[in-house]
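Quick caveat: nothing in here was measured; it's all calculated off a predicted structure.
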Amino acid sequence: MADINVLMMGGRRAGKTSILAAMDRCCKEILSTDELLRVVCQAGSVEVMLKITELSDYFTDPRYTKSCKFVPDVNPTGSANTFEYECKVKGRPSGFTLRFTDVPGEYYEEPDKRSDMEDMVRKSQVLMIAVDSPHLMESTGDKSESVNGYCCYHESYNRVAEITDFFKTAFQNNEDIRTQNKLVIFVPLKCEKYYFRQEMERLHDMIKKGYEDLFRILSSPGINEICTVAIMPILTIGGAEFFKFKKYSYVGEYNYVENAAFRAYLPKYCEQPLFLTLQYVISLARRKAEGRFPLFRMFSELFGNQAKLEDLKTCEHDIKSKIMRDPALGFDIVQDPVKMIE
């Protein structure tokens with residue numbers, strides 16, 4: 001079974017594991033009756049369930065419900081976790097594995113982890129950058145944030161410089177990487193406040209501003225021919241939204257959404273980065289089968305000659321129909337060398 005490596009990057013406790021937990025839940029709901037695609041969590045399911053329990057507790061545990069607010073867990077994460085999803089697509093006798101590696105934000109502070117991180121960037125076909133939206137969007141009253149227009153906590157909390165540097169180093173120091181197609185997805189999360197206030201387009205613009213140097217690298221000549229780049233906001237909790245930062249602290253406090261119907265753990269759109277990843281993989285295979293793409297090494301064994309072109313087209317169309325492409329939700333395919341939206 002072929003593997004697709006997905007590296008999840010982001011700051012400490014930005015919500016990378018929450019993406020996986022909400023993604024697992026949302027996928028089960030959306031794919032429950034699907035005949036063309038099967039996605040099943042094979043490894044890491046215990047960690048996913050623990051995270052779902054933690055998020056659900058914010059809406060059921062009296063410690064939080066009495067005050068109608070909570071502060072997400074900010075304790076350090078010790079080590080990288082791996083989650084594997086087996087994917088089976090109609091027309092193929094065997095499936096492929098999406099292997100998610102959730103790297104703790106603490107890794108960015110450890111010099112001895114640098115080579116490991118650079119290696120993971122090189123070897124991953126898909127890179128998801130988790131963006132803690134309040135740490136990008138909110139005002140703290142600090143005069144320093146007026147210089148860039150975004151929250152003064154953003155660069156340090158979301159590890160912008162370190163993530164940008166990993167990409168820069170990977171592309172500069174390894175010629176091999178320039179033959180490897182990659183999908184880079186910016187995933188703003190904890191963005192319920194901006195969703196309910198219809199400010200997702202502003203969030204989209206702030207992502208572009210807050211990661212300006214990284215977008216510049218990804219759009220540079222040569223790199224823009226192999227990197228597909230997208231912005232896909234998700235609601236990892238659904239029933240609560242950012243309220244304020246605790247005094248003299250970068251720690252955020254969350255209140256329940258006023259509408260009673262949303263006072264529950266109700267993640268939304270969390271399957272979208274996964275669906276885009278699946279479309280990306282199948283689009284490459286379809287274009288290879290059509291002879292429109294050269295054979296990229298990392299996908300050479302993914303589909304082989306086992307899947308018929310018409311089956312690939314059917315699966316691709318089915319997955320496309322599940323992707324929410326509404327710009328009002330902040331969705332954007334920034335650059336598209338694979339021609340996923342043709």
Side-chain heavy atoms of Val187 within contact of Pro233, under 4.5 Å: no
Plane angle bin for Tyr269 and Tyr195 - parallel if under 30°, tilted between 30 and 60°, otherwise perpendicular: perpendicular
Nearest atoms (heavy-atom pairs only) where Ser56 meets Tyr265: OG-CD2, 3.4 Å
Show me, pair by pair, the donor-acceptor contacts under 3.5 angstrom made by side chains of residues 198-207, not counting sequence neighbours?
unit_1, atom_1, unit_2, atom_2, d
Glu199, OE1, Arg202, NH2, 3.1
His204, NE2, Asp332, OD2, 3.0

Derivation of the side chain to side chain contact (heavy atoms under 4.5 Å, CB included) call for Thr277 and Ile185: CA-CA 9 Å; Thr277 297; Ile185 310 177; 3.9 Å; yes
Ser133 side chain vs Leu189 backbone, donor-acceptor pair below 3.5 Å: yes
Backbone N/O of Ile237 and side chain of Glu192: donor-acceptor pair under 3.5 Å: yes
Reported CZ-to-NZ distance for the pair Arg122 and Lys182, which is rounded to 0.5 angstrom: 9.5 Å
Approximate separation, where rounding is to 0.5 Å, of Arg99 CZ and Asn5 CG: 6.0 Å
Straight-line distance of Lys339 NZ to Ile333 CD1, nearest 0.5 Å: 11.5 Å
Heavy-atom closest pair, residues Gly210 and Tyr150: CA-CE2, 3.8 Å
Minimum side-chain heavy-atom gap Ile323-Gln272 below 4.5 Å: yes
Cationic N near anionic O, under 4.0 Å, Arg216 to Asp213: yes
Ala161 backbone acceptor or donor facing Glu155 side chain under 3.5 Å: no
Donor-acceptor contact present, side-chain Glu138 to main-chain Phe242, <3.5 Å: no
Gap separating the CG atom of Asp102 from the CE atom of Met128, nearest 0.5 angstrom: 11.5 Å
Any side-chain heavy-atom pair of Lys193 and Met137 under 4.5 Å: no
Tyr211 and His154 aromatic ring geometry - parallel, tilted or perpendicular at 30°/60° bounds: perpendicular
Over all atoms of both residues, closest heavy-atom pair of Tyr194 and Lys190: CE1-O, 4.2 Å
Same cluster (ILVMFWY, side-chain, under 4.5 Å), Met120 and Ile226: yes
4.5 Å side-chain heavy-atom contact, Val334 and Lys208: yes
Qualifying residue, where the test is side chain to side chain contact (heavy atoms under 4.5 Å, CB included) with Phe166 and the options are Leu7, Val121, Leu214: Val121
Asn158 side chain to Val160 backbone, donor-acceptor under 3.5 Å: no
Residues Phe171, Cys227; criterion side chain to side chain contact (heavy atoms under 4.5 Å, CB included); working and verdict: CA-CA 11 Å; Phe171 284 109; Cys227 283; 3.6 Å; yes
4.5 Å side-chain heavy-atom contact, Ile231 and Pro188: yes
Pairs involving residues 115-134, ordered by first then second residue, that meet ring pair (Phe, Tyr, Trp, His ring centres under 6.0 Å) (sequence neighbours left out): none
Which atom of Met324 lies closest to which atom of Phe331, heavy atoms considered: O-CG, 3.6 Å
Flag side-chain contact, heavy atom, 4.5 Å: Tyr157 against Cys152: no
Rounded distance (nearest 0.5 Å) linking atom CD1 of Ile163 with atom CE of Met9: 5.0 Å
Closest approach of Pro273 to Cys270 (non-hydrogen atoms, all atoms of both residues): CD-O, 3.5 Å
Intermediate values then yes/no, side chain to side chain contact (heavy atoms under 4.5 Å, CB included), Asn181 and Tyr280: CA-CA 10 Å; Asn181 269 47; Tyr280 173 73; 3.2 Å; yes
Hphob cluster co-occupancy, Leu329 + Phe196, side-chain heavy atoms under 4.5 angstrom: yes
Straight-line distance of Thr101 OG1 to Lys123 NZ, nearest 0.5 Å: 11.0 Å
